[in-house]
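Data block below; observations after.
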Amino acid sequence: MTHDDRSPAPHVLWAALPQAVRERLDAHVLRRARLMAAREVLDAGLHPRPGLYACLDLVHVREEVLADRLVPLPARDADALTARAEALGRRVAALELEWDGDSRGWILVLDAVGGAGERVALAQWQEVAWEGPFAVAAEVAGRLGVAVRGPGEDGPDRP
């Protein structure tokens, strides 16, 4: 993330936090709960209160510091995603891959869409081109006997 000169630098913000807040922040970071970690900083009672982007900058730094201890991301291969879709307990009518923005940039989200239009997220990829996730989604869709919608040969690389 880019540091805003009007906000405290991550190391300054970290130094201002009480030890108990640091421990809770790191616990959220280890579970990859970015927004909960940022919330710890926002609710720490600092004056002046840091902005959201300053908090997210600190969370990003803590993710780098704790990288070897982060909870592993769920598998995003065709076998794992097929098993996840089959375990939903309801019929999957289609798979849909679409772009969404989050606190660190653009993510590509793969949803299982039910017959009534209900959606369940199966996987997400951050800051990637659509071709790799689309190929995995197409393989899963083939195994499930459903269509896959979303970025395709003419689709955007990113919004």
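Since we're looking at a predicted model, the values are computed, not measured.
- Residues V29 and L70 form a side-chain contact, since some pair of their non-hydrogen atoms from C-beta on lies under 4.5 Å apart.
- Under the salt bridge (charged side-chain N to carboxylate O under 4.0 Å, His left out) criterion, R149 pairs with E96, not counting sequence neighbours.
- A continuous path of hydrophobic side-chain contacts links W125 to V140 [ILVMFWY only; heavy atoms under 4.5 Å].
- Under the side-chain contact (heavy atoms from CB on, under 4.5 Å) criterion, E64 pairs with H60, not counting sequence neighbours.
- Contact detail for L13 and A54: the closest heavy-atom pair is CD2-O, 3.7 Å.
- Checked against side-chain contact (heavy atoms from CB on, under 4.5 Å), A135 has no partners two or more places apart in sequence or in another chain.
- With a 4.5 Å cut-off on side-chain heavy atoms, L17 and L58 count as touching.
- Note on V59: it clusters hydrophobically with V61, by side-chain heavy-atom contacts below 4.5 Å among ILVMFWY residues.
- No single ILVMFWY cluster, assembled from side-chain heavy atoms under 4.5 Å apart, contains both L73 and V128.
- Put simply, CG on D111 and CG on L122 are 7.0 Å apart, with the number rounded to the nearest 0.5 Å.
- Residue L30 is grouped with residue V65 when hydrophobic side chains (ILVMFWY) are merged at heavy-atom distances under 4.5 angstrom, including chains of intermediate members.
- Annotation for V148 and A137: closest pair CG2-CB, 3.8 Å, computed over non-hydrogen atoms.
- Between the CD atom in E139 and the OG1 atom in T82 there is a gap of 7.0 Å [rounded to 0.5 Å].
- The nearest pair of heavy atoms linking L88 to A112 is CD1-CB, 3.7 Å.
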Donor-acceptor list for residues 36-51 side chains, cut-off 3.5 Å, not counting sequence neighbours:
unit_1, atom_1, unit_2, atom_2, d
R39, NE, D43, OD1, 3.4
R39, NE, D43, OD2, 2.7
E40, OE1, R24, NE, 2.8
E40, OE1, R24, NH2, 3.4
E40, OE2, H28, NE2, 3.4
R49, NE, L42, O, 3.0

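- The two atoms that bring A80 and D77 nearest to each other are N-OD1, 3.0 Å, heavy atoms only.
- Of the inter-residue distances, the one linking W130 atom CH2 with L108 atom CG reads 10.0 Å to the nearest 0.5 angstrom.
- Within the model, atoms CG of D100 and CH2 of W106 stand 7.0 Å from one another, a figure rounded to the nearest 0.5 Å.
- Between V136 and L110, every side-chain heavy-atom pair lies at or beyond the 4.5 Å cut-off.
- Interatomic distance, D26 CG to W14 CH2, rounded to the nearest 0.5 Å: 4.0 Å.
- Partners of E98 by salt bridge (charged side-chain N to carboxylate O under 4.0 Å, His left out), not counting sequence neighbours, listed by chain and number: R119.
- Legend: side-chain hydrogen bond (donor to acceptor under 3.5 Å, both in side chains) pairs involving residues 84-95, not counting sequence neighbours: none detected.
- Side-chain contact between L25 and R62 is present, with heavy atoms from C-beta onward closer than 4.5 Å.
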